[in-house]
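First the structure, in the form of structure tokens, and then the observations on it.
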Amino acid sequence: MSDSRDWAAIRGDFPLLSRQVHGKPLVYLDSANTSQKPRSVIETVDEFYRLHNANVSRAVHQLGSEATDAYENSRRKLAALINVQADDLVLCSGTTFAINLVAYSWALPRLNPGDVILASRMEHHANLVPWQIVAGLRGAEMRAVEITPEGEVDRDALTRQLASGKVKLLALTHVSNVLGTVNPVREICREARKHGVVTVIDGSQALPHRAVDVAAIGCDFYAFTGHKMCGPTGTGGLWARRECWREMPPFLGGGEMIREVRFEGTVFNDPPHKFEAGTPNIAGFVGLGAAVDYLQALGMDAIEQREQALLAHAHSVLGAIPGLRIFGTASEKAAVVSFLVEGAHAHDLATLLDLEGIAVRSGHHCAHPLMQFYGVAATCRASFAFWNTFEEIDFFARSIEKVRKLLA
Ligand code: PMP
């Protein structure tokens with residue numbers, strides 16, 4: 001398929017990208033950390049506060065119903081984006097909240113001593129630490145699903161683990177934030193289901209980069225975060241199978257999640273509202289709805305195709321730099337490249353690149369167990385979005401060469 005989109009014009013949709021850093025044009029290679037926002041999202045949030053601001057589901061006045069309609073409309077847009085029913089999609093502050101919700105509301109009441117929770121070695125701490133906490137409270141055990149040196153899940157080992165009869169839940173990322181690995185979540189969820197193992201998929205790094213069909217994946221829970229997919233910070237969601245929602249007690253109590261409250265007891269609202277206590281990030285979700293419109297107008301397949309071309313270029317130019325090691329060479333990858341340059345500390349590299357106007361992340365990327373696997377304390381990570389250019393990647397590679405010589 002030829003790429004007929006005008007990516008230079010699309011880049012112009014992002015006001016922040018035209019600013020300078022240290023007197024140099026900004027080269028933003030940190031989209032996996034948080035994405036920049038297109039003008040339509042910024043203007044939608046601005047317009048909400050100027051014209052429609054009110055609390056949701058509480059007031060009968062005109063503004064209240066406009067705000068509620070806008071908020072619920074975003075829920076429907078998000079649900080359509082991932083091919084699920086809107087009533088099964090709980091809106092929350094992001095993946096961290098979403099996974100804690102599953103941990104406390106689904107797992108905590110069900111875990112027994114001796115039960116096993118599996119999480120892959122490449123998980124973000126958000127899909128690891130909540131499980132450790134609830135496992136610790138219930139005397140259950142956490143075990144790692146190991147990976148290959150290329151950064152793919154070791155499927156044979158996983159098959160053995162799933163068949164052990166002890167595993168209650170598998171926590172797995174759809175796309176690794178460090179390695180870029182795209183996990184075969186559909187196949188793995190099918191296998192887990194055969195053994196009665198519940199699956200929690202972290203979609204934080206998948207939704208921004210590709211079409212995601214949660215119904216086709218066949219997981220039990222799917223979590224995502226809005227700020228990595230062109231939406232405002234403090235937005236995200238959790239989809240769960242309806243049977244799971246029905247069986248789960250509320251995570252947080254408060255306004256909006258109830259039908260009737262008496263001192264003798266409370267009748268809770270139906271999902272998704274049962275899990276949305278308190279005033280949500282209304283303007284943020286209205287903005288996230290605009291982000292979904294923006295991504296869909298571009299087309300998720302076109303975004304994926306563009307980013308794959310950028311990734312292939314990045315691999316080829318970075319691979320030619322002497323002493324540069326790339327972490328994560330899975331056969332299916334999203335546009336993320338983690339690397340180290342011999343003799344240079346990741347933070348020094350990132351600091352000197354910043355002086356060139358290049359924003360990359362350095363550190364452990366909230367993935368300590370993965371750093372331990374590779375025997376490093378930190379890496380540098382460049383993550384790309386569809387609006388990045390091939391010229392930026394060439395400049396990035398030249399800047400690494402320059403910095404490498406400075407640090408040598
Ligand atoms: N999982 C993955 C794979 C991530 O990349 C991130 C964000 N770095 C998170 C979870 C946590 O997302 P949030 O901070 O938005 O809750």
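FYI, the numbering just counts along the sequence from 1. Indexing begins at 1, ligand by ligand and atom by atom, following the structure's order.
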Specify the protein heavy atom at minimum distance from [atom]: its residue, its atom name, and the distance to 0.1 Å.
{"atom": "atom 7 (C) of ligand 1", "result": "Lys228 NZ, 2.6 Å"}
{"atom": "atom 16 (O) of ligand 1", "result": "Thr96 OG1, 2.6 Å"}
{"atom": "atom 5 (O) of ligand 1", "result": "Gln205 NE2, 2.7 Å"}

Looking at non-hydrogen atoms alone, which of Glu123, His124, Met122 comes nearest to atom 6 (C) of ligand 1?
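Considering heavy atoms of Glu123, His124, Met122, the nearest to atom 6 (C) of ligand 1 sits in His124.
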Minimum non-hydrogen distance to atom 2 (C) of ligand 1, winning option of Thr225, Asp202, Asn177
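Among Thr225, Asp202, Asn177, the closest heavy atom to atom 2 (C) of ligand 1 belongs to Asp202.
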Partner of Val90 under side-chain contact (heavy atoms from CB on, under 4.5 Å), chosen from Phe97, Phe251, Phe275
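When Phe97, Phe251, Phe275 are each tested with Val90, the side-chain contact (heavy atoms from CB on, under 4.5 Å) holds only for Phe275.
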Could you check whether any side-chain heavy atom of Pro271 comes within less than 4.5 Å of a side-chain heavy atom of Asp87, counting everything from C-beta outward?
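Not touching, per the 4.5 Å side-chain cut-off.
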Just say parallel, tilted or perpendicular for the rings of Tyr374 and Phe327, cut-offs at 30° and 60°.
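Tyr374 vs Phe327 ring planes: perpendicular.
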According to side chain to side chain donor-acceptor pair (under 3.5 Å), does anything in residues 219-228 pair up with another residue at least two apart or in another chain? List the pairs.
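Pairs touching residues 219-228 that pass the test: Thr34-His227, His174-Tyr222, Arg193-Asp220, Thr199-Asp220, Asp220-Arg241.
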Salt bridge (Lys or Arg N to Asp or Glu O under 4.0 Å) contacts in which one or both residues fall within residues 314-337, not counting sequence neighbours
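Applying salt bridge (Lys or Arg N to Asp or Glu O under 4.0 Å) to every pair that reaches into residues 314-337, excluding sequence neighbours, yields Arg210-Glu332.
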